[in-house]
Amino acid sequence: MQGVVKFSDSEYPTLLKTIKSPPKQLYYKGKLDSEIFVNCLAVVGSRKMTTYGKQATQKIVSEIATLGVTIVSGFMYGIDATAHKAALEGGGRTIAVMPCGINMIHPAYQEDLYTQILKNNGLIISEYEGATLPQLWTYPQRNRIIAGLSLGTLVVEAGENSGSLITAGFAKKFKRKIFSVPGPINSSVSYGTLQLIKEGASVVSSAEDILLHYGITNTITKDARSGNQDLSKLEASIIETLKNEPQEIDVLARKLKVSASQISSAISIMQIKGLIQQEGAKFYVN
């Protein structure tokens with residue numbers, strides 16, 4: 001479904017109406033209903049996403065989206081795209097706010113993601129019609145919509161001059177909550193997130209840190225964290241080791257003093273149980 005909703009229409013997002021200079025109209029594709037705008041969280045971050053940033057986004061966003069919070073982001077590669085995907089994988093809904101005309105897929109190679117958002121009752125929106133090309137000034141304009149739609153903004157990774165800080169700036173201006181995932185102090189994409197924390201952003205280490213602000217209780221706890229699932233001694237040891245940092249099978253074998261084949265078998269079962277995931281040759285706890 002495709003259409004346009006004007007500021008005066010009842011379908012226009014209520015929260016977006018409260019910002020200074022809201023869009024006069026929003027062009028959209030997908031299922032437009034008031035429910036999708038009720039509890040929105042903006043998730044933004046660096047296009048130069050690290051493995052740490054990807055894992056943090058996947059872990060936090062998937063849990064939040066599962067509990068009914070709509071994830072809003074800018075559809076760019078890096079943290080944006082990861083946030084959209086994590087929301088879909090969590091069975092939730094997501095809104096992609098474009099810096100171009102509604103009929104453009106930008107970047108073009110993310111056509112599959114664009115399609116999946118629409119297939120899963122999400123929305124693609126823009127204040128620009130047709131095939132309007134993105135310009136340097138349309139990105140920050142887009143960022144004000146991302147922040148304006150959302151009760152809070154989560155910044156996962158951000159460099160010194162990151163557009164994510166522009167989004168956070170709008171969120172602050174609109175008196176919305178700002179959340180920040182702390183990163184390594186020697187990482188160039190931690191500059192922005194650490195600066196936000198210094199300025200008063202709430203530190204986020206888990207989905208619960210955000211859900212509290214939304215008045216949502218997370219009754220979905222990971223088996224490995226809650227202890228509700230019986231674990232073998234080896235599985236428990238693997239989880240404890242991976243909590244520190246992702247590891248390869250050979251490294252785990254040396255640390256736990258068991259054979260690589262035993263580790264490999266245990267990990268295969270743990271992946272089926274949903275306890276751990278793989279990134280390249282390394283494994284990490286969900």
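Met76 and Val97 fall into different hydrophobic clusters, where Ile, Leu, Val, Met, Phe, Trp and Tyr are joined by side-chain heavy atoms under 4.5 Å apart, directly or via other members. Following chains of ILVMFWY side-chain contacts shorter than 4.5 Å, one cannot reach Tyr109 starting from Leu113, and the two form parts of different hydrophobic clusters. No single ILVMFWY cluster, assembled from side-chain heavy atoms under 4.5 Å apart, contains both Met49 and Phe75. If you chain together hydrophobic residues whose side chains sit under 4.5 Å apart, Leu26 and Ile19 fall into the same group. Follow the hydrophobic side-chain contacts under 4.5 Å out from Val258 and you reach Met270 in the same cluster.
Counting only distance, with no hydrogens or angles, the side chain of Gln262 and the backbone of Ser259 share a donor-acceptor pair below 3.5 Å. Distance alone, capped at 3.5 Å, places no donor-acceptor pair between the Thr132 side chain and the Gly101 backbone. Asn120 places no side-chain N or O within 3.5 Å of a backbone atom of Leu88 that could act as its donor or acceptor partner. A donor-acceptor contact shorter than 3.5 Å links the side chain of Thr57 to the backbone of Gly53. Between the Asp209 side chain and the Ser205 main chain, a donor and an acceptor come within less than 3.5 Å of each other. A donor-acceptor pair is defined here as one N or O able to donate and one able to accept, closer than 3.5 Å; such a pair exists between the side chain of Gln278 and the backbone of Gly280. Without hydrogens or angle criteria, Arg142 side chain to Ser126 main chain gives no donor-acceptor distance under 3.5 Å. In this structure a side-chain-to-backbone donor-acceptor pair under 3.5 Å is missing from Glu199 to Leu196.
Counting only heavy atoms from C-beta outward, the side chains of Asn39 and Thr70 never approach each other to under 4.5 Å. Side-chain atoms of Glu245 and Gln247, non-hydrogen and from C-beta on, do get closer than 4.5 Å to each other. Proximity of Leu151 to Lys177: side-chain heavy atoms (C-beta onward) are nowhere separated by under 4.5 Å. In this structure, the side chains of Ile124 and Met98 come closer than 4.5 Å at one or more pairs of heavy atoms. The closest side-chain heavy-atom distance from Ile185 to Leu194 is below 4.5 Å. Looking only at side-chain heavy atoms (C-beta outward), Pro99 and His106 come within less than 4.5 Å of each other. The side-chain heavy atoms of Ile95 and Ile71, taken from C-beta on, include no pair separated by under 4.5 Å. Val72 places none of its side-chain heavy atoms less than 4.5 Å from the side chain of Leu41.
In this structure, CG in Asp250 is found 10.0 Å from CD1 in Ile263, a value given to the nearest 0.5 Å. Once rounded to the nearest 0.5 Å, the distance linking CG of Leu242 with NZ of Lys282 reads 11.0 Å. The CD atom of Gln25 lies 10.5 Å from the OG atom of Ser8; values are rounded to the nearest 0.5 Å. Here the NZ atom belonging to Lys85 is positioned 9.0 Å from the CG atom belonging to Asp112, to the nearest 0.5 angstrom. Between atom CD1 of residue Ile238 and atom CD of residue Glu240 there is a gap of 11.5 Å, rounded to the nearest 0.5 Å. Distance check: Glu63 CD to Glu208 CD gives 6.0 Å after rounding to the nearest 0.5 Å.
Counting non-hydrogen atoms of neighbouring residues, nucleotides and ligands closer than 6.0 angstrom, the NZ atom of Lys6 reaches no more than 12 such neighbours. Applying the 6.0 Å contact sphere to CD of Glu35 captures no more than 12 heavy atoms from other residues, nucleotides or ligands.
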**Asked** Thr82 and Gln58: side-chain hydrogen bond (donor to acceptor under 3.5 Å, both in side chains), yes or no, with the steps?
**Response** CA-CA 7 Å; Thr82 300; Gln58 290 172 329; 6.0 Å; no
**Request:** Check step by step if side-chain hydrogen bond (donor to acceptor under 3.5 Å, both in side chains) holds for Gln2 and Asn103.
**Result:** CA-CA 10 Å; Gln2 181 172 342; Asn103 291 329; 3.1 Å; yes
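The shortest non-hydrogen separation linking Ala171 to Ile178 is CB-CG1, 4.1 Å. Heavy atoms only, all atoms of each residue included: Ala83 and Val61 are closest at O-CG1, 3.5 Å. Closest non-hydrogen pair, Lys48 versus Ser46, comes out as N-OG, 2.8 Å. Residues Pro134 and Cys100 come closest through the heavy atom pair CD-CB, 3.7 Å. Heavy-atom minimum distance, Leu154 versus Ser180: CD1-N, 4.3 Å. Nearest heavy atom pair, residue Pro184 against residue Ser190, reads O-OG, 2.9 Å.
Each of Thr167, Asp80, Thr94 was checked for a side-chain hydrogen bond (donor to acceptor under 3.5 Å, both in side chains) with Ser73, and the lone residue meeting it is Asp80.
A donor-acceptor contact closer than 3.5 angstrom is absent between the side chains of Gln141 and Thr138. Donor-acceptor pairing under 3.5 Å is recorded for the side chains of Glu157 and Thr50.
Within the structure, ring-ring contact (aromatic ring centres under 6.0 Å, His included) contacts touching residues 157-193 (residues at least two apart or in different chains) are Phe170-Phe174, Phe179-His213. The ring-ring contact (aromatic ring centres under 6.0 Å, His included) analysis of residues 26-63, with sequence neighbours excluded, yields no pairs.
A salt bridge links Asp33 with Arg93: the closest approach of a Lys/Arg side-chain nitrogen to an acidic carboxylate oxygen falls below 4.0 angstrom.
Scanning for salt bridge (Lys or Arg N to Asp or Glu O under 4.0 Å) contacts around Glu279 gives Lys54, with sequence neighbours left out.
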